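The structure appears below as structure tokens.
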Amino acid sequence: MSLQTEKCEAGLSFSDSERAASMLLPPLNALKAFEAAVRLGGFTPAASELGVSPAAVSMQVKNAEAFLGKTLFHRLNNRLLLTDAGRTYYPAISEALTAISTATENLIETEARSGLAVSTIQSLAENWVAPAISRFREAFPGTGIELRIEADPVDLLNTRTDLRVTYESNLYPQHTQLPLFKDVAHPFCTQAFYDSHVAGSGIAAVPDALLIHTDWGEQYASHPTWANWFRAAGLARNPNMRKGLRVGGAAVALELARQGAGIALVPKMLAEAKHPASLGVVVGEPGLPLPYAYFAIVPQSAAQQTGAAEKNPPLQAFLEELIPKDAPEETH
């Protein structure tokens with residue numbers, strides 16, 4: 001369909017002057033530089049906002065002046081003063097750029113709000129966030145979801161993320177932080193492993209070679225360890241990690257335990273997320289409380305635009321699905 005056909009169908013028509021001449025517009029970057037320089041009071045603050053150098057802003061303003069054949073600024077030492085032409089031109093340019101920005105933002109936000117873009121870390125994706133998405137989709141079948149697996153930190157605004165699900169929140173101080181719950185790590189193994197190695201003699205009798213150790217990566221030093229678990233249980237045992245299995249993440253440790261490769265120390269809610277009775281058992285006391293809570297991070301601009309998560313029904317419903325039914329009340 002041609003532009004002319006589309007315009008006619010929209011109830012518009014082309015005039016003879018429209019057919020004879022194209023729209024007279026200066027370069028957009030030149031208009032942006034001029035508008036920012038006036039609004040912010042100089043080339044330097046305008047350059048900071050636009051992410052370019054002051055010289056680049058000055059050059060763009062000169063491009064606008066050359067296009068118009070008019071001088072927009074009096075340049076007096078380090079001061080800028082609008083000429084009569086500049087004062088006349090600025091209000092219309094400011095209004096036009098604001099209208100373009102608003103229309104673009106509304107269009108993008110309409111597209112973005114047709115679904116939810118959820119970001120999370122690898123260890124939470126399969127056993128916790130994915131089941132929550134499945135439950136959410138039963139209640140909101142028409143809401144699309146994009147699930148991204150990303151390491152912290154994530155640029156939530158530039159990636160147009162609606163929700164970040166992660167462990168602790170110190171990397172997102174500028175955004176809305178919603179604590180979900182605080183977990184406890186427990187030993188986890190299959191029923192067959194429990195019957196063969198734990199029943200009767202306890203976890204203290206499990207050899208070092210069958211202990212699965214987890215390393216949460218270089219960003220963390222507070223993950224639960226078997227040495228800490230034995231200490232909390234009052235047992236003088238410091239297992240040799242070289243003899244056991246060492247893996248780079250709680251989800252991998254959990255899967256190895258489900259395969260019967262050993263016994264892992266993993267967050268309880270993660271272990272119980274998918275039909276625990278058929279896949280394994282959580283055993284042993286005491287549990288080791290994780291030092292930090294799991295958090296849902298809502299990008300600040302999104303929170304401002306929607307009036308907080310509770311005013312966005314799909315987002316609020318998904319947040320509720322993320323909290324396990326038996327999570328401790330004091331942590332969410």
Side-chain angles (χ1 to χ4, degrees), residues 48-52 100-137 139-140 142-183 216-220 222-223 248-251 267 269-270 273 290-324 327 331-332:
S48 179
E49 178 177 279
L50 297 174
V52 298
I100 293 171
S101 176
T102 300
T104 303
E105 185 174 349
N106 289 340
L107 183 63
I108 292 175
E109 286 301 319
T110 298
E111 176 67 19
R113 292 292 168 244
S114 66
L116 291 177
V118 180
S119 171
T120 190
I121 55 179
Q122 179 67 50
S123 61
L124 303 181
E126 180 180 356
N127 298 310
W128 180 26
V129 178
I133 288 176
S134 296
R135 295 190 298 270
F136 169 82
R137 293 274 286 171
F140 292 84
T143 301
I145 290 188
E146 176 189 2
L147 177 60
R148 299 197 298 265
I149 315 301
E150 304 167 296
D152 287 308
V154 175
D155 186 343
L156 301 179
L157 296 181
N158 286 333
T159 56
R160 308 202 69 81
T161 301
D162 292 292
L163 190 69
R164 171 71 173 169
V165 183
T166 190
Y167 177 68
E168 69 174 321
S169 61
N170 65 304
L171 295 176
Y172 302 96
Q174 72 275 37
H175 299 302
T176 301
Q177 303 172 11
L178 306 174
L180 297 173
F181 67 95
K182 196 171 183 179
D183 210 346
W216 285 8
E218 61 183 16
Q219 295 187 29
Y220 298 101
S222 57
H223 56 277
M269 297 303 176
L270 193 61
L290 273 61
Y292 306 106
Y294 297 117
F295 278 83
I297 310 297
V298 181
Q300 186 63 39
S301 63
Q304 293 169 344
Q305 292 164 6
T306 61
E310 60 269 16
K311 295 184 180 180
N312 183 339
L315 181 58
Q316 178 63 23
F318 184 68
L319 284 170
E320 292 173 358
E321 291 295 345
L322 286 172
I323 303 175
T331 61
H332 64 273

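Predicted model only: the values in this text are computed from it and were never measured. Nothing fancy with the numbering, it's 1 onward along the sequence.
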Quick check: closest heavy atoms across [X] and [Y], and the distance to 0.1 Å?
{"X": "Pro131", "Y": "Ala125", "result": "CD-O, 4.4 Å"}
{"X": "Ala117", "Y": "Thr161", "result": "O-CG2, 3.6 Å"}
{"X": "Asn170", "Y": "Glu168", "result": "OD1-OE1, 3.1 Å"}
{"X": "Val165", "Y": "Val129", "result": "CG1-CG2, 4.2 Å"}
{"X": "Asn158", "Y": "Asp155", "result": "ND2-OD2, 2.7 Å"}
{"X": "Leu157", "Y": "Pro299", "result": "CD2-CB, 3.7 Å"}

Test log, rule ring-ring contact (aromatic ring centres under 6.0 Å, His included), inputs Phe181 and Trp128: CA-CA 13 Å; Phe181 67 95; Trp128 180 26; 5.3 Å; yes

Are Asp162 and Glu146 close enough, and set up right, to give a side-chain contact (heavy atoms from CB on, under 4.5 Å), and what steps lead you there? CA-CA 10 Å; Asp162 292 292; Glu146 176 189 2; over 6 Å; no

Criterion side-chain contact (heavy atoms from CB on, under 4.5 Å) on Thr159 and Ser119, from CA distance to verdict: CA-CA 10 Å; Thr159 56; Ser119 171; over 6 Å; no

Nearest 0.5 Å, please: how far is [atom2] in [Y] from [atom1] in [X]?
{"X": "Ile121", "Y": "Ile149", "atom1": "CD1", "atom2": "CD1", "value": "9.5 Å"}
{"X": "Phe136", "Y": "Leu315", "atom1": "CZ", "atom2": "CG", "value": "8.5 Å"}
{"X": "Tyr294", "Y": "Leu124", "atom1": "OH", "atom2": "CG", "value": "6.0 Å"}
{"X": "Leu319", "Y": "Leu180", "atom1": "CG", "atom2": "CG", "value": "7.0 Å"}

For the residue pair [X] and [Y], establish whether any side-chain heavy-atom pair is separated by less than 4.5 Å.
{"X": "Ile145", "Y": "Phe140", "result": "no"}
{"X": "Val298", "Y": "Leu178", "result": "yes"}
{"X": "Arg164", "Y": "Glu150", "result": "yes"}
{"X": "Pro267", "Y": "Leu290", "result": "yes"}
{"X": "Gln300", "Y": "Thr176", "result": "yes"}
{"X": "Asp183", "Y": "Tyr167", "result": "no"}
{"X": "Thr120", "Y": "Arg148", "result": "no"}
{"X": "Leu163", "Y": "Leu322", "result": "yes"}

Are the side chain of Gln177 and the backbone of Tyr172 linked by a donor-acceptor contact shorter than 3.5 Å? yes

